[in-house]
Amino acid sequence: MPDLLTIDEALAAVLARAPSLGAETVAVARAAGRVLAEDAVAAVDLPGFRSSAMDGYAVRVADGSGSRRIVDRSAAGRPAHRALGPGEAIEISTGAVVPDGADAVVPVEEVVVDGESVTVAVVQEGDNIRPVGGDVTAGAVVAEAGSVVGPAQVGALAAAGIAEVRCGRVPRVAILPTGTELRAPGDTLGAGEIYESNGVMLAAQVASAGGLADRLPPVGDDPDATRAALARALDADVLITSGGVSVGPHDLVRGTLAELGAEEVFWRVSMRPGKPIAFAVRRSTLVFGLPGNPVSSLVGFELFVRPALLALQGAAEPGPRFRPAVLGAPVRRGAERDALVRARTRVDGDRLVVDPLRGQESHMIVRSSAADALVLVPRGEGELAAGAAVSYVPV
Ligand code: AMP
Ligand code: MG
């Protein structure tokens, strides 16, 4: 690999090493957030019977407008006991079976009830009747292999009578923060110490990408401790380390990984923030060495680790999914590196505008936490003007 890959090259190198981990059977109630390994196919027609779209009266169109005798009732889950004959109406509720013989439902708001009879105006055949299979027919695909199951898909799967689905196995992701200076929130800080934040942030990102995070205690910048911690963590499907991948004397992660048999695929990507990111493979374990600056960690995860986790689960489109937007204010470009600028989205008429935040330095996680977009600002001369077309990844 040449020195300093582009973002696209690095992403391609990652995805080329992130095959699906295989599939397992999952109850639909637990499938949200998972990736389907096979097409999920409807077990039943939906609707499964001619069903009423309204509370009202089931009638025969051939009877025309005028009065009908109410002979029965069809409620949801409690069909009428008989078919509908000429001159008859059956009271019906939303979602109830439309009785045989009926070919329209008249909403209750449009009828006049007088004791045992109901008067309706003109109706059209099929009015307010939901046909069998109008949503999906048995055997048809409800959700496709490679798609991520969200709340609406869970609902669709259950509605279509699917109890279990085949999903990609959940990647086990070890998260190892490195740095002698790191303390847990709540501890008293000594001279030069800071609170550890990347571990919890990465764990949240991993969970949102469908992975199972195992947050390991931070390890100091000590060769033996680093080696022991990395050796244990390499059991996972994915290991994310934080910090220690730059060029300082205390940056031990890459060298130690190499000693442990991890093969480095790349180190350093032409991007800002997060340039010193490292990616290595040890047997089937993918290792991401994210730089310690919190914003670099945040961005590195979104660009490379999230797609890898989705690919390991079998996602057809692991991303990152860039979306179009318009820049709300000018941004200076970097001559050599593409930038991921933290920004907030805003709707302006029919345009989605991204406003860059103040404080774009890679240690400024509090300022970055106001962002809902990482805007790609390609390298170049001068600045990108307000109004320029850009793309962004939601965060
Ligand atoms: P490094 O990549 O180890 O050189 O760290 C770069 C910067 O990020 C330093 O200021 C570190 O103190 C800081 N840093 C490293 N790891 C973490 C972490 N887990 N949480 C918060 N800040 C960190
Ligand atoms: Mg460090």
Side-chain angles (χ1 to χ4, degrees), residues 4 10 173-209 211 213-230 232-233 236 238-260 262 264 266-280 287-306 337 339-340 342 359-371 374 395:
L4 233 59
V173 184
I175 298 168
L176 179 64
T178 73
T180 301
E181 72 279 28
L182 304 176
R183 290 291 166 270
D187 285 1
T188 305
L189 293 179
E193 294 179 343
I194 64 167
Y195 290 120
E196 199 286 307
S197 61
N198 292 346
V200 284
M201 182 167 63
L202 287 164
Q205 288 175 301
V206 166
S208 73
D214 178 14
R215 204 156 56 79
L216 303 172
V219 61
D221 297 314
D222 166 80
D224 292 338
T226 300
R227 192 186 164 93
L230 284 173
R232 275 197 304 274
V238 176
L239 166 58
I240 308 174
T241 64
S242 162
V245 287
S246 295
V247 290
H250 303 292
D251 292 327
L252 305 171
V253 170
R254 295 175 56 232
T256 311
L257 281 171
E259 283 170 33
L260 291 167
E264 191 161 85
F266 63 75
W267 173 54
R268 304 202 298 175
V269 174
S270 178
M271 60 189 257
R272 182 194 166 97
K275 170 171 131 178
I277 185 172
F279 175 61
V287 187
F288 293 90
L290 298 184
N293 273 306
V295 184
S296 304
S297 177
L298 181 84
V299 169
F301 183 95
E302 293 303 327
L303 290 189
F304 304 112
V305 189
R306 184 183 297 278
R337 288 186 277 160
L340 277 304
R342 279 76 67 206
Q360 291 283 333
E361 289 169 63
S362 61
H363 64 289
M364 294 181 163
I365 188 60
V366 173
R367 290 173 185 261
S368 281
S369 69
L374 301 177
V395 278

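We use all heavy atoms of the structure for the numbers below, so side chains are in, but hydrogens, waters and symmetry mates are not. All ligand and atom numbering here is 1-based and tracks the order in the structure.
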Open item on the list: Measuring only between side-chain heavy atoms, which start at C-beta, is Ser369 closer than 4.5 Å to Met201?
Closed with: no

TODO: Start with the C-alpha gap between Leu257 and Val287, add the side-chain angles, then the distance that decides, and say whether side-chain contact (heavy atoms from CB on, under 4.5 Å) holds.
DONE: CA-CA 9 Å; Leu257 281 171; Val287 187; 3.6 Å; yes

Open item on the list: Return the closest protein heavy atom for atom 5 (O) of ligand 1 as residue, atom name and distance.
Closed with: Gly292 CA, 3.7 Å

Task: Distance from atom 6 (C) of ligand 1 to nearest protein heavy atom, with residue and atom - done: Asn293 N, 3.6 Å

TODO: Indicate yes or no: at least one non-hydrogen side-chain atom of Asp222 is less than 4.5 angstrom from one of Asp224.
DONE: yes

Task: Nearest-neighbour protein heavy atom for atom 22 (N) of ligand 1, which is reported as residue plus atom name and distance - done: Ile194 CD1, 3.4 Å

TODO: For Glu196, take its heavy atoms, then give the atoms of ligand 1 lying under 4.0 Å from any of them.
DONE: 18 (C), 19 (N), 20 (N)

Open item on the list: Whether the side chain of Thr180 engages the backbone of Asp221 through a donor-acceptor N/O pair (distance < 3.5 Å, no angle test) should be reported.
Closed with: yes

Task: Those atoms of ligand 1 less than 4.0 Å from some heavy atom in Tyr195 - done: 21 (C)

- [ ] Quick one: look at Leu182 and ligand 1, take heavy-atom pairs under 4.0 Å, and tell me if it's side chain, backbone, both or neither.
- [x] side chain

Open item on the list: I'd like to check which ligand 1 atoms, numbered from 1 as shown, lie under 4.0 Å from a non-hydrogen atom of Glu181.
Closed with: 11 (C), 12 (O), 15 (C)

Task: Rounded distance [0.5 Å steps], CG in Asn198 versus CD1 in Ile175 - done: 10.0 Å

TODO: Evaluate whether atom CZ of Arg272 has more than 12 neighbouring non-hydrogen atoms of other residues, nucleotides or ligands under 6.0 angstrom away.
DONE: no

TODO: Starting from atom 17 (C) of ligand 1, locate the nearest protein heavy atom and write down its residue, its atom name and how far away it is, to 0.1 Å.
DONE: Asn198 ND2, 3.4 Å

Task: Derivation of the side-chain contact (heavy atoms from CB on, under 4.5 Å) call for Ile240 and Val206 - done: CA-CA 10 Å; Ile240 308 174; Val206 166; 3.9 Å; yes

Open item on the list: Considering non-hydrogen atoms of the protein only, which is the closest contact for atom 4 (O) of ligand 1, and what is the distance?
Closed with: Asp251 OD1, 3.9 Å

Task: ligand 1 to Ser246 polar contact by distance, N or O atoms, under 3.5 Å - done: no

Open item on the list: Out of all atoms in ligand 1, which are within 4.0 Å of some heavy atom of Gly244? Include the element for each.
Closed with: 1 (P), 2 (O), 3 (O)

Open item on the list: Taking salt bridge (charged side-chain N to carboxylate O under 4.0 Å, His left out) as the definition, give me every residue that meets it alongside Glu302, ordered by chain and number, with sequence neighbours left out.
Closed with: Arg306

TODO: Return yes or no for this condition: an N or O of Gly243 is under 3.5 Å from an N or O of ligand 1.
DONE: no

Open item on the list: Using heavy-atom distances only, which candidate in Pro276, Ser197, Gly289 approaches atom 21 (C) of ligand 1 most closely?
Closed with: Ser197

- [ ] Could you pull out, from Pro177, Gly192, Ser242, the option with a heavy atom nearest to atom 16 (N) of ligand 1?
- [x] Ser242

Open item on the list: If we ignore hydrogens and angles and just use 3.5 Å, is the side chain of Trp267 paired with the main-chain N or O of Gly289 as donor and acceptor?
Closed with: no

